[in-house]
Each structure stands twice: as C-alpha cells, then as structure tokens.
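Structure first, commentary second.
The structure displayed is predicted, hence computed values, not measured ones. All chains are named by letter (A, B, ...) in the order of the sequence lines, taking the proteins before the strands, and each is independently numbered beginning at 1.
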Number of protein chains: 2
Amino acid sequence: MNIRIDKKERNFQVLSHIIDLYVSTAIPVSSKSVTRKMDNTISSATVRNIMTELEDSGYIEQPHTSAGRIPTDSGYRHYVDFLKGRLWLKKREIERLAGEYTDRIKSIKDVIEKTSFLISRELHYAGVVMWPNIGSLYLKHLELVKIKAETVLAVLITMTNAVKNYIVKMNRDIGETELEKVANFVNMNYEGTGISRISTCLKDIVEAGADGTVLRVAGPAREIIDSVVEMDIENDIYCEGLDFFTGEPEFRDPDMTRHMLQIFSSRKEIGALMQKELPHKGVRVYIGKENKFSVFRECSIVTAGYELYGKPTGRIGVIGPTRMDYCNVLRTVSYLSELISSKLEELY
Amino acid sequence: MNIRIDKKERNFQVLSHIIDLYVSTAIPVSSKSVTRKMDNTISSATVRNIMTELEDSGYIEQPHTSAGRIPTDSGYRHYVDFLKGRLWLKKREIERLAGEYTDRIKSIKDVIEKTSFLISRELHYAGVVMWPNIGSLYLKHLELVKIKAETVLAVLITMTNAVKNYIVKMNRDIGETELEKVANFVNMNYEGTGISRISTCLKDIVEAGADGTVLRVAGPAREIIDSVVEMDIENDIYCEGLDFFTGEPEFRDPDMTRHMLQIFSSRKEIGALMQKELPHKGVRVYIGKENKFSVFRECSIVTAGYELYGKPTGRIGVIGPTRMDYCNVLRTVSYLSELISSKLEELY
DNA sequence: ATTTAGCACTCTCCGGGCCTGAGTGCTAAA
DNA sequence: TTTAGCACTCAGGCCCGGAGAGTGCTAAAT
C-alpha cells in the first residue's frame, strides 16, 4: 500500500499539475499526462476520479466532452492563494535581477523604465509601472518662473533627483520678486519634507491666520503646492512589452488580440486600478472575471507595491492572459517590487 | 460610338477603381465589379483586356488564377503620384477639422496630442506626431538650477510656452551665483532667438576668444545649450490609435498583427524616418517595400511636415496597411499639417 | 482597330461523409 | 480505494464533389 497522503492535499497536487501543464502548452490536460507528470505513482483512472471531484468543486472544466480539462478562474485563484504563502526566489535569480540595476541607473525615470523592461523581458507579458505619487516624494528644491500674467511654471526637484514641472494658473497676478520670495520660503522651510506634508503644513499656517508677511508667501505657496498635487493624479503609467504577446497562442484568436490592444490603450483604467491598490502592501492578483473593469475580464493582473522611506508610493504590475505562469510572475513581481524600493532608497 | 478617351487615361481610371474597391472591401476585384462601378459604360470583357495590360505593367496582380486582381505596391505608387497633384478638401471638412482645435489647446503638447488623436480618429490608422525639434524653437527663458557638483538642471521655456528640462553634466563645477550669471547672459542676449542660432552665436563668441568676463559666462552657456540640442535628438514621437486596427481585415492574419505591433514598439525607427524626412516640405508617401526599414515592408507610411516661423520643425504621419485609403489619408494629413503650423504660430 | 458576347477552363470555397485518435465515464475486479 | 478494461463521444484531418466566381481566348460585331 502507498504511503497515505491527505486526500485534499493530493487533489490540490493534481490541480497544480493541471495548471502547470495547461500554462505551458495551452492544450486541455488529459488524465494520462498528469500521471506521466507524477511519474506514474498514480493511475490515469484515479486521476480521472480526482478530476471529476475537482470539476464538481468548480476548479476545472471541460471545453467539450471527451477533451481534457482546463483550469477555471477559481481554479487559478485556489492555486494562487496557496502559492502566495510560499514565494521564494533562488539566490542566483535574485543576484541576476539585482545586477541588472547596477549600470547607469541615475534617476527615478531610469528605475521605472528598467523595471518595466525587466518585467516584460523576464515574464513575457506586458509590464506596467506606476510612477511614485508626487505627494509621497520629498522636496529638494522648488523653482518658480513667471510665464505670463497669473501663470507660473513650477519646477520641483525631489530628493531622488526626479524633475517634474507643472504649469500653474494662479488666482491673482504675482510679481517676479514676490515669486522668488515664495520659492525661497518653501526651500528654506521644507527642504527634505514630504510634499503632501508640506501641503498640510501650509494649510495650517494659512488657516491659523499668521501675520501679514508670512501669509503673503504662504498663501501662494499653498496654492502652488496644492495644484501640483492635484495635477499629478494623472498618474504616469509606464507600459512595455506588448509585442511579447505575439508568441502566446491566445494571439491566434483575433478577438482576444483586439481585447489586449484595447487594454493597452486604456491606461486610464490601469492607472485607476493601480491607484486604488496603492495602500495595499503586498502582491495582489486579479484573475479574469474578478476584475471590476470589464476590459480586464479576460486577463489577469498581478500587482505589487513599492515603497519609499517606508511609505507605499507606487506599484508595479503585469498584465497577461488568465493562462499565466502565476508562480513565476508572483515571485518575480514580488521580488522586483522590493528591489525597486531599495533602489529608490539608494538613489536618494 | 463613345466619346473617344485617351487610352492611357482610361486605363488609369480602371486602376483607380480597382484600388478604390480593394481598399474598401479587401477582396480581390473582378472585372465585373469594375464595370458596375463604371455604370456599365464598358463591358467586363474590355475591362479584362485592360486588366491584362495593367498586369503587364506591374500595377496589379492575381493572388491565384481565376481570382480577381489586387493592386501591387507600384500600382498604389502610380495612383498616389497621380493623386498628389490634386488634393483638396471640402470646405465643410476643413471647417470641421479646424474647429476641433478651438477648445482648450494651450500648449504645444496639446496640439501634438490633439493632432495625433485626430489622425487616428479620422483615418482609423495609427497616428504619429513628431515633436518640434528643439533646435528650431525660439527661446523665451532659460533657468539653471544646480543639482549637485557638475550637474545642472536646465529648464527651457520656448516662445510657444513649451517647457522642456534637461539634466546637463558640466565638465567643471560651477557655483550657483555664476550659474545665475550664465542664465542671465543668455536671457538678456538671446530671448526670442532660435535655439540652434544661439548655439552658433555662442560658438562664435567662444572661438573669437572674447575677453575674460564674457568668456566666463559664454563658455558654460555654450556647453549647456549644445548638450540640450544634443540630447533632444531622442525626438519625442507621439503615437496613438493602434486599437483602430482591430477593425481592419488584415487583422485576421496573426502574422500581420504581430508585425504591426512590432512596428508600434519600434519608435526609434519611426523617429529616424521622420527625422530624415524633416527637410522635405510636403506630403511624402512610402509604400510597402519602398521602405528602407524592413519592419515597415508590409505597410505604408504617409508623412507631412509642419512649420514654425516658416521653418520645417516637425512631422506628422500615418502608419497603416498598404491597402490604405490614400486619397483620404493624403488629403487629411496634408491639411492637418498646415493646420498644425498655423495653430503653433497662433499659440506664440 | 476596338469592343463585345460566348464559352471553356480553373480554382477557391463550402459542406458532407468518413475515419482516426485522444480522452472520458463507468463498471467490475483487485 | 485503486486500477484495469471497455464502450462511448467528439474534434480534427482528409477526401470528394458541386457551386460559384472569375478569367482567357476566340470569333463576331461595331
């Protein structure tokens, strides 16, 4: 008699194998191929029995009678939930990935681009990276330039040397010398402070009704900083790797392809999704119909947050078909998100 | 007897009809459908005779015996060359397109984005727009900020209110006060001057060996301006409208699709092409194999230059399948390029 | 010299029928 | 509880044959 294994455990094992096989071949998985994968420690008939159980539980389904089984969304979900606990990367992998960043990564932009590139290269799906939220960045220097009446160009340099500029419409005309005072005021008092922090500080000052001279600079300063934060919610999203799709069998289906292209051109939805996820720390997975946005109903999204000074500031992610190598994706995305955090920290 | 028409002219007429029909249906064109299109003023047999002539000339071909004819690259070329002379848009169309720009188009960026959007919406192909070359823009204001030793942030505001920033590595460390002098020097002397012009002026000054005080500011100024011009050759390219492709029948073919995606992700090639075309004024068309870059061998590119202050500064264009509605595309692109010129002029 | 009608020929595009192979479900035995 | 065996199902490949669309050619008409 064989060593006794928990029935649940073995059922799950079979499910994993089905998913593995289906992910790599895109062909419905037969009972026989599972037994082969298990080194014939179990007969195909037994696998078939297990399969009917898995089917009853809704984890797998048959595209048609007398075909193999394919995982359902909830099958993947089951698998992913199990996986989430035990994610680790081989040391060599870690070193390899970390090594990719050494070269000439000097700015946030470089990190973003590199990461997006790595995601798509390593995983062969579309890589998506969200810029750090301006609010959670720390100010190094503010420069104000008058462009024309009531219009000011604000150039922010963050501690991470990212340069961002915004054209701000003021509600009154401000002279150049006054503008300089405003910039000086901010630079003197708030160098190294988080930008959303600056916003609340200025609010306090203005509302506390400080004396005239301070108010004359704090008022416009607040106006500018708040506009900047406001404008930045058009969260820059960086996408790459659409062409990798071409390899996948899903690509044979024109409808699917069309779908994927639509997804890619709807950055707004991607941005919104990422934004909503921002507070959640770890890796998060949306599989097929779990997605609220209907565009994503036919694909899966894996995202992970990265941090700066210990605060969640952005996310990276992967968009691909539901038939996705979750194991690899979860591992890589999870690791890259940590890596990006440390690289950003390092840059400062 | 019919009114006698020049034989050449009528052959061309048939070619046009073949192209028209093929463009709209993507089905090989039969002799009968041509007669129908000509209101039966000519019999199908005659058309067939003409067709063999056209085939001998290499303008059309048969995908297989006993199928209709489809235009070849050189067939399209012939047609396009003829078309080029007589491009005009209906007044109503012109007004409609011009009207699209009225709203809140305030910056170059807005114009670029709007145009790209219009191209893809009007023509249902991918729209591509190249940013104005920094060299051909006119300086309104230069701001210099020291970031760290030997590293300066240069913010350029152009007469068109475009803001561009560049991080410039200097070959020696320059103090903040000195930097301010440099910026002042440039702003005093060159406000309203073309940036490439500034570059040559500074070169003259430095090489003429001016006296010490001038040289101390002109030297770094030159270094900065030149770096900026240098950096800008990564010509920003704006693309939009990939998803419109999904409608086209070419999309059924996975190979074709893959191809199109590759094209889209190879912005570098698109940029290079546009850059090379920059000096040429009017509309230019590349059809299929005429394209040097092998990626584009299966599609057509139509570009037209736009101007600023009478000088060619950028290009707009369309990328689509060789089976493209050239008549419409040429008209629209040509008109939009004029429109973009005048809008930019207006903005200043 | 052109144009047209007529006819034979070619080739693609279905749809149906047949067969094969893979895979399952069920049952009875181990 | 597992397994072997067997009957059943169904997609996919293949061949065939007819229909339809289109051409090329030739001979007659203009």
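There is a side-chain donor-acceptor pair under 3.5 Å between A/R48 and A/S31.
Partner assigned to C/dA30 is D/dT1, using Watson-Crick or G-U wobble distances below 3.5 angstrom. Searching all strands for a Watson-Crick or G-U wobble partner of C/dC9 with both distances below 3.5 Å returns D/dG22. For D/dG17, the paired base is C/dC14 (Watson-Crick or G-U wobble, both distances below 3.5 Å).
Atom CD1 of B/I27 and atom C1' of D/dG20 are 14 Å apart (whole Å). When rounded to the nearest whole Å, the span between CD1 of A/I70 and P of C/dG23 equals 14 Å. Distance CG (A/L54) to P (C/dT24): 13 Å, rounded to an integer number of Å. In this structure, A/I60 atom CD1 and C/dG23 atom P are separated by 14 Å, rounded to whole Å. One interatomic measurement links the two molecules: CD1 of B/I50 to P of C/dT2, which rounds to 12 Å at whole-angstrom precision. The separation between B/E53 atom CD and D/dT23 atom C1' is 16 Å, rounded to whole Å. With rounding to whole Å, A/I42 atom CD1 is found 7 Å from D/dT3 atom P. One interatomic measurement links the two molecules: NE2 of B/H64 to P of C/dC13, which rounds to 6 Å at whole-angstrom precision.
Between A/S66 and C/dG25 there is no side-chain N or O to OP1 or OP2 distance below 4.0 Å. Within the structure, a side-chain polar atom (N or O) of B/S30 is placed less than 4.0 Å from OP1 or OP2 of D/dG22. Residue A/R69 places no side-chain N or O under 4.0 Å from the OP1 or OP2 atom of C/dA22. For the pair B/R48 and C/dT2, the criterion of a side-chain N or O lying under 4.0 Å from OP1 or OP2 is not met. Applying the 4.0 Å criterion to OP1 and OP2 of D/dT2, one finds that A/R10 has a side-chain N or O inside that range.
For C/dT10, the base has no donor-acceptor partner in the side chain of B/T65 [N/O atoms by modelled type, under 3.5 angstrom]. No N or O donor and acceptor, one from the side chain of B/S43 and one from the base of C/dT4, sit under 3.5 Å apart.
Closest to the A/M51 side chain, of the nucleotides C/dT3, D/dT2, C/dT24, is C/dT24.
Both A/Q62 and B/N49 lie near DNA chain C, and the one whose nearest nucleotide falls closer to the 5' end is B/N49.
Just one residue in the list A/V29, A/T35, A/I18 forms a side chain to side chain contact (heavy atoms under 4.5 Å, CB included) with A/V47, and that residue is A/T35.
Salt-bridge formation is detected for the pair A/R77/A/D81: a Lys NZ or Arg NE/NH1/NH2 atom is positioned less than 4.0 Å from an Asp or Glu carboxylate oxygen. A salt bridge between B/R323 and B/E298 is absent, with no side-chain N of the basic residue lying under 4.0 Å from a carboxylate O of the acidic one.
Aromatic ring pairs are classed by plane angle as parallel below 30°, tilted from 30° to 60° and perpendicular above 60°; the pair A/Y79 and A/Y326 is perpendicular.
At the heavy-atom level, B/S44 lies nowhere under 4.0 Å from the strands shown.
Rounding to the nearest 0.5 Å places CD of B/E55 at 9.5 Å from OG1 of B/T72.
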